[in-house]
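For reference, the structure is listed below as C-alpha cells.
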Amino acid sequence: MLAGIVKTKQEYPTMLTDLKVKSLKPKAKMYRVRDGDKLYLEVKPTGRKFWRVRYKLRGKENVYTIGEYPTISLYEARTERNKIAEQLTKGLNPNIEKRAEAIKAQSQYDNTFQAVSQAYYERNFKDLSAYYAKQWQTIMRQDIYPVIGDMPIATIKAPYLLEIMDRIEGRGAPTVAILARQFMGQVFRYAGSRLMIESDPTVFLYGALKRGKVRHNPPIEREDMPVFFEKMSQYNGFPVTIIAVYIMAHIFVRTKELVLMRWSWVQGDLIIFPEDIMKKDTKHIVPITPEVRQMLDVLSEYTGRRELMFPNVRDPRRSMSKTTINAVIERLGFGGLFSGHGFRSTASTLLNEMGYREDLIERQLSHQERKGERRAYNHAEYLEERKAMMKEWSKFLLQFKHAEILNIQ
C-alpha cells in the first residue's frame, strides 16, 4: 500500500478494469468500488462517478477528489493517484497542492499577451506622444494580437513572433516589422520584471529580417519621424551626442561638417562654415533658429565653449567621430533604415512639399548648380528667405518630442 493511503470498510478487494468501470450502475445509495488498495470510484444514485483517494497526513484523514469519470479515465486516475502518493512521501498536502496549481493555471490564463501588454501600456505611455501611443496600439491590434493576443505570455516562443514579423515584412513594410519586434520586446521585458516569464523571446530575432538594397545615405521617412524622435527623447546617452543628433536634424548639414563645428563659426544669428571643410570648397551659411540657439546654449554648458562644439569623449582636442550619429540611430533600432546624413534628403523632400523653391533648398544644402546652370555661387544668396525657411523647418520638427535636456519650450 502507498504511503498515507487509507483503506475504507466499503472498499472491494478487486482491481478495476475499463469495462468494469463503464458497467457500474447506480444504486439507491452511494457506493464505492476500490481499485486495489490505492484508489476508489464513488458511484452516486444519480449515476455520476467520481475518482477519489482517502489519505492520512500528520495523523489527519482527508479525501482528495481527482475528478469525474469518464472525463478522467481509469489510467489518468491511477497516474494522479501515484502523484498524490509521491506528494505524501514529501510531506505535502495534495489538496493544498491542487489549489496552488489551479491558482497558478488561472494566473497564467489571465496573463495573456494582450492583458500584459495593456498593463505595460497603462504604466508607461502616460507621458508619451499621442502619435507614438496610437502607432503602438495600431501595430498591436492589427499585427500582433491576432496571432498571440490570447496566448498566455509564458507559453509564447520565438517562432510565433517570427511569423508575425515575416507577415509584416511580406507585405512590404520592413520598418513596421522592426517596430513590431521592438514593441513585443517591451512587453516581454515588462513581463520578466513582474516575474511572469524567465526570458524575452525577441532576443533571438535580431537580424531575422531581410534588409533591402543598401543605400549609403538613406533618409528618414516621414512616417518614421514621430517614432524616431520619441525614442530619441528617451535615449540615455552622452548629452553632447544627443544634442548633436538634434542639431543635425534641425540644420541638416553633412555629418563631417557637423562634427567639425567650432564656436568661433557662430556669428550673430548665423553659423558660417569655412571653405576648407566644405565639400565644394565654398563658404556656407546656416541660419540659427531660436530652437537651435537654445540647443547651442545647452551644449555650451557641457563643453564650456572650448574650441570644438562636439569634442571627442576620450580626447577633447579631437572632434567627435563621424560614426557617432549613426551609432545612436542604430542603437534606437533604425540601423540600415536611415542615416544621419539622410536628414538632408528628408529636409529636401519635405521642404519641397511645404512649397519652398528648389533653388532655395539647394542653396541651404550647399549644393552646387547642376551642369549647364550658373556656376557663380554667392554663399549669402537668398539669405533672408533661407532664414524664414529654416525657422519653419525647426517649427515643423517641434511637433515631434525632443529630449528634456534641450529645454525647448
Side-chain angles (χ1 to χ4, degrees), residues 125 128-143 165 168-169 171-183 209 211-235 242 244-255 258 286-287 289 291-292 295 325-326 328-367 386 388-403 406 408:
F125 276 68
L128 299 184
S129 70
Y131 182 96
Y132 184 62
K134 181 179 179 181
Q135 184 175 48
W136 197 92
Q137 289 282 31
T138 298
I139 291 176
M140 285 288 174
R141 184 177 63 255
Q142 295 182 354
D143 297 305
M165 294 165 59
I168 299 172
E169 186 182 32
R171 68 172 189 253
T175 301
V176 177
I178 291 175
L179 288 175
R181 184 198 67 205
Q182 294 173 348
F183 294 165
L209 295 174
R211 297 293 185 185
K213 185 177 180 180
V214 175
R215 294 176 291 172
H216 293 294
N217 296 305
I220 178 172
E221 302 296 340
R222 184 170 191 156
E223 59 269 23
D224 293 331
M225 294 178 76
V227 179
F228 170 77
F229 278 94
E230 188 74 51
K231 287 178 173 289
M232 191 66 213
S233 71
Q234 301 175 51
Y235 178 62
I242 294 173
V245 174
Y246 281 105
I247 289 181
M248 188 164 194
H250 278 258
I251 68 176
F252 50 87
V253 293
R254 298 177 181 90
T255 307
L258 178 88
V286 174
T289 66
E291 292 75 22
V292 173
M295 294 180 203
I325 303 295
N326 288 342
V328 173
I329 292 171
E330 186 171 345
R331 290 190 192 101
L332 296 179
F334 291 87
L337 298 177
F338 76 91
S339 67
H341 194 95
F343 281 121
R344 293 168 58 79
S345 299
T346 301
S348 176
T349 299
L350 297 183
L351 287 171
N352 267 292
E353 292 179 4
M354 293 177 188
Y356 287 97
R357 302 193 318 271
E358 182 177 358
D359 58 345
L360 189 65
I361 298 169
E362 291 295 294
R363 285 289 183 273
Q364 197 53 57
L365 290 167
S366 187
H367 284 169
R386 286 159 56 189
M389 180 178 72
M390 295 302 283
K391 285 182 179 179
E392 184 169 355
W393 177 247
S394 278
K395 292 296 184 185
F396 168 78
L397 293 181
L398 283 186
Q399 69 180 291
F400 310 121
K401 192 167 184 179
H402 283 49
L406 301 177
I408 299 292

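The figures here come from the full heavy-atom set of this structure, side chains too, leaving out hydrogens, waters and symmetry mates. Everything quoted here is computed from the prediction, not taken from an experiment.
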Counterpart residues, side-chain hydrogen bond (donor to acceptor under 3.5 Å, both in side chains), relative to [X] (two or more places apart):
X: R141; value: none
X: T346; value: none
X: Q399; value: none

Exercise for review: Indicate the ring-plane relationship of F183 and W136, choosing parallel, tilted or perpendicular according to the 30° and 60° boundaries.
Suggested key: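 Ring orientation, 0 to 90° scale: tilted.
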
Looking at every non-hydrogen atom in both residues, tell me the closest pair between [X] and [Y] and how far apart they are.
X: M248; Y: R254; value: CE-C, 4.0 Å
X: Y235; Y: I242; value: O-CD1, 3.5 Å
X: H402; Y: L397; value: CE1-O, 3.1 Å
X: E291; Y: S394; value: OE1-CB, 3.3 Å
X: A180; Y: I168; value: CB-CD1, 3.7 Å
X: A177; Y: E169; value: CB-N, 4.2 Å

Distance check, rounded to the nearest 0.5 Å: [X] atom [atom1] versus [Y] atom [atom2]?
X: L360; Y: L365; atom1: CG; atom2: CG; answer: 10.0 Å
X: I361; Y: L351; atom1: CD1; atom2: CG; answer: 5.0 Å
X: F338; Y: N326; atom1: CZ; atom2: CG; answer: 9.0 Å
X: M140; Y: T138; atom1: CE; atom2: OG1; answer: 11.0 Å
X: Q182; Y: I139; atom1: CD; atom2: CD1; answer: 9.0 Å
X: M390; Y: H250; atom1: CE; atom2: NE2; answer: 9.5 Å

Practice item. Scan residues 342-353 for pairs that pass salt bridge (charged side-chain N to carboxylate O under 4.0 Å, His left out), counting only residues two or more places apart or in two chains. Key: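 Pairs touching residues 342-353 that pass the test: R222-E353.
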
Review point. With sequence neighbours left out, what residues match F396 under ring pair (Phe, Tyr, Trp, His ring centres under 6.0 Å)?
Key: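 If we apply the ring pair (Phe, Tyr, Trp, His ring centres under 6.0 Å) test to F396, skipping adjacent residues, the hits are W393, F400.
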
Check your understanding: Under 3.5 Å, is there a donor-acceptor pair between the side chain of Y246 and the main chain of A403?
Key ->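 Such a contact is found between Y246 side chain and A403 backbone.
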
Point to revise | Derivation of the side-chain contact (heavy atoms from CB on, under 4.5 Å) call for Q142 and V176 | key: CA-CA 11 Å; Q142 295 182 354; V176 177; over 6 Å; no

Practice item. Let me see the working for Q364 and Y356 under side chain to side chain donor-acceptor pair (under 3.5 Å), right down to the final yes or no. Key: CA-CA 11 Å; Q364 197 53 57; Y356 287 97; over 6 Å; no

Exercise for review: Name all residues meeting the salt bridge (Lys or Arg N to Asp or Glu O under 4.0 Å) criterion together with K391; count only those two or more places apart in sequence or in a different chain, and write none if there are none.
Suggested key: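 Counting only residues at least two positions away or on another chain, K391 forms no salt bridge (Lys or Arg N to Asp or Glu O under 4.0 Å).
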
Check your understanding: T289 and K395: side-chain contact (heavy atoms from CB on, under 4.5 Å), yes or no, with the steps?
Key -> CA-CA 9 Å; T289 66; K395 292 296 184 185; over 6 Å; no

